[in-house]
Amino acid sequence: MTISSAANVHEHVVAGQSGALPSRNQAQDAIELSFVIPVFNAGDTIELVVHEIHAVFAGRACEVVLVNDGSRDNSQQVCQRLARSYPDSVTVLELARNFGEQHAVMAGLQHTSGQYVAVLDDDGQNPPHEIDRMLAALRSHGWDVVYGRYEHRQHSRFRRLGSWFNDIVANVMIGKPRDLYLSSFKVMNRLLVDELIWCSGPFLYLDGLILRITRRIGQIGVLHLPRQGGRSGYTLAKLFQLWLNMFLGFSTLPLRCAVLMGLISAGVSLAILAEIAMERFWIHPDLPVGIPMIISCVVFFAGVQLVVLGTIGEYVGRIFQYQNGEPSFVVRSAHLAHRARSTKIGS
């Protein structure tokens, strides 16, 4: 299943790169493919993932960027060991705290220099050998990004339910094609990556940014393996935060809905008042207005006001946080791969 479009929306979102280290000089490199892997409590699995990448792509000019997103286990030690094992190809970034997957991926993107960039999970569920198929599809169709659509998803029911709901909201809020599955497993070209790293702020949603930048988007079916160990870092709170970032960060539709709710409520209240006036003055002069009805109306309209004010308050709060300079991420330390221009994996 594929999705493509001739339209190509190309916009710059210029903002300060808070907390980011300067990226390496891309002109010096002849790296074909960069791998970005956000790492969170993956001390049991990340080593297997990196070893498999080096086995599959041996002899090719590639690099691996591991971003430790505030892990509480031994992930940092394992990543440092991998950097020592593969000093020419593995870069390790340690964030100051847990900023979330979206921010960790952005930190990794800012330290890539490959012609193409693949993003995959740290749990071994995204087979590296599928990336060659995704890369071939991206090149042959002229896409800017290709998503991996899982043929048989190995996520929990809770995760699948959250993804289903997020997918429905994305269709409405950010204009996502209905048959496009926005998975975290994707391959992007350098044009798209260079545009993404201009973006900043505390409320990142990469797939929303991708849909703002381009419509040359495709997807192919890929394998989705069971977790190699550990447990998923996605919680209800994180899924809700991701949904909220998309819901309020990429559309003014909530504000429009709030205005519409206000207009409907005002119209209904006027109709009720008119009906009460007719009953009271022309049909049944002795009819009492009714305290319960008045209380119900007051409670209903107070609830509508809270919804509207809450929506506006969320927008104002986000504007405040943007203006207050809250960083997208903070890199505590970085171990950059020291590779020669022609160095290849396994050589």
Side-chain angles (χ1 to χ4, degrees), residues 21 23-24 26 29-40 42 45-69 71 75-76 78-95 101-139 144-148 183-190 192-194 196-197 206 210 220 222-225 228 331 334-339 343-347:
L21 295 179
S23 61
R24 288 169 289 177
Q26 299 170 5
D29 281 302
I31 297 176
E32 176 192 9
L33 183 61
S34 299
F35 299 86
V36 173
I37 308 177
V39 179
F40 181 70
T45 59
I46 188 59
E47 200 162 13
L48 298 174
V49 174
V50 174
H51 288 329
E52 186 175 359
I53 289 174
H54 283 79
V56 172
F57 293 88
R60 296 170 62 175
C62 301
E63 66 177 355
V64 180
V65 181
L66 304 176
V67 186
N68 180 19
D69 187 25
S71 298
S75 294
Q76 181 63 20
V78 174
C79 290
Q80 289 175 338
R81 184 166 65 244
L82 288 168
R84 291 192 295 269
S85 300
Y86 303 104
D88 294 331
S89 58
V90 173
T91 290
V92 177
L93 305 178
E94 181 188 11
L95 303 189
E101 180 184 3
Q102 303 290 308
H103 299 269
V105 172
M106 180 64 81
L109 293 178
Q110 294 188 4
H111 289 80
T112 62
S113 53
Q115 301 172 41
Y116 303 94
V117 178
V119 179
L120 61 161
D121 292 337
D122 60 3
D123 52 15
Q125 292 190 280
N126 302 143
H129 66 265
E130 294 281 19
I131 293 174
D132 254 339
R133 294 179 53 240
M134 298 168 68
L135 183 57
L138 183 144
R139 286 170 167 168
D144 293 320
V145 57
V146 58
Y147 287 90
S183 70
S184 58
F185 190 26
K186 49 184 167 281
V187 177
M188 300 173 283
N189 63 13
R190 174 48 56 183
L192 178 57
V193 173
D194 284 344
L196 284 174
I197 61 180
L206 292 176
I210 289 173
I220 65 171
V222 297
L223 293 176
H224 192 228
L225 304 178
Q228 301 301 307
V331 176
H335 181 285
L336 304 182
H338 301 288
R339 54 180 293 126
T343 301
K344 299 179 179 179
I345 282 184
S347 61

Fill in the blank from the handout: Closest non-hydrogen atoms of Leu93 and His111, given as atom of the first, atom of the second and distance, are CD1-ND1, 3.5 Å
Problem - Min side-chain heavy-atom separation Arg133-Ile220 under 4.5 Å - result: yes
Completion exercise
Heavy-atom nearest pair, Ala42 first then Ser75, reads N-OG, 2.9 Å
Fill in the blank from the handout: Here the pair of heavy atoms bringing Leu206 nearest to Met106 is CD2-CE, 3.7 Å
Handout entry: Side chain proximity check, Met188 to Val119, heavy atoms < 4.5 angstrom
Key = yes
Problem - Flag, side chain of Asn126 to backbone of Asp121, donor-acceptor distance under 3.5 Å - result: yes
Handout entry: Atom of Ser183, atom of Gly148 and distance for their closest heavy-atom approach
Key = OG-O, 2.7 Å
Practice task
Considering only NZ, NE, NH1 and NH2 on the basic side and carboxylate oxygens on the acidic side, decide whether Glu32 and Arg139 come within less than 4.0 Å.
Solution key: yes
Exercise for the section: Would you confirm whether Asp122, through its side chain, and Thr45, through its main-chain N or O, come within 3.5 Å as a donor-acceptor pair? Expected result: no
Fill in the blank from the handout: All heavy atoms of Cys79 vs all of Leu66, minimum pair found to be SG-CD1, 3.9 Å
Problem - Non-hydrogen side-chain atoms of Ile37 and Ile46 separated by less than 4.5 Å - result: yes
Practice task
List the steps, then state whether side-chain contact (heavy atoms from CB on, under 4.5 Å) holds for Met134 with Val222.
Solution key: CA-CA 9 Å; Met134 298 168 68; Val222 297; 4.1 Å; yes
Handout entry: Check against side-chain contact (heavy atoms from CB on, under 4.5 Å), Ile131 and Phe35
Key = CA-CA 10 Å; Ile131 293 174; Phe35 299 86; 3.4 Å; yes
Exercise for the section: Walk me through it: do Asp69 and Glu101 pass the test side-chain contact (heavy atoms from CB on, under 4.5 Å)? Expected result: CA-CA 7 Å; Asp69 187 25; Glu101 180 184 3; 5.6 Å; no
Practice task
Could you walk me through whether His54 and Tyr86 pass the side-chain contact (heavy atoms from CB on, under 4.5 Å) test, one step at a time?
Solution key: CA-CA 9 Å; His54 283 79; Tyr86 303 104; 3.3 Å; yes
Practice task
Compare all side-chain heavy atoms of Tyr116 with those of Ser34 and state whether any distance is below 4.5 angstrom.
Solution key: no
Exercise for the section: Classify the side-chain pair His335/Thr91 by whether it contains a donor and acceptor separated by less than 3.5 Å. Expected result: no
Problem - Counterpart residues, ring-ring contact (aromatic ring centres under 6.0 Å, His included), relative to Phe185 (two or more places apart) - result: none
Handout entry: With sequence neighbours excluded, residues passing side-chain contact (heavy atoms from CB on, under 4.5 Å) with His129
Key = Glu52, Val56, Pro127, Leu223
Problem - Test item: Gln125 side-chain N/O and Leu225 main-chain N/O as donor-acceptor pair under 3.5 Å - result: yes
Exercise for the section: Find out whether Ile210 and Leu196 are in side-chain contact, i.e. whether some heavy atom of one side chain is under 4.5 Å from a heavy atom of the other. Expected result: yes
Problem - pair Val117-Arg190: side-chain heavy atoms closer than 4.5 Å - result: yes
Exercise for the section: Using side-chain contact (heavy atoms from CB on, under 4.5 Å) as the criterion, list what pairs up with Gln80, not counting sequence neighbours. Expected result: Gln76, Arg84
Exercise for the section: Return yes if a side-chain donor-acceptor contact under 3.5 Å exists between Glu63 and Ser89, otherwise no. Expected result: no
Handout entry: Lys/Arg-Asp/Glu bridge criterion (N-O < 4.0 Å) met for Arg60, Asp132
Key = yes
Handout entry: Side-chain donor or acceptor of Thr112 paired with backbone N/O of Leu109 under 3.5 Å
Key = yes
Fill in the blank from the handout: Looking only at heavy atoms, the pair that brings Ala61 and Ala30 closest together is CB-O, 3.6 Å
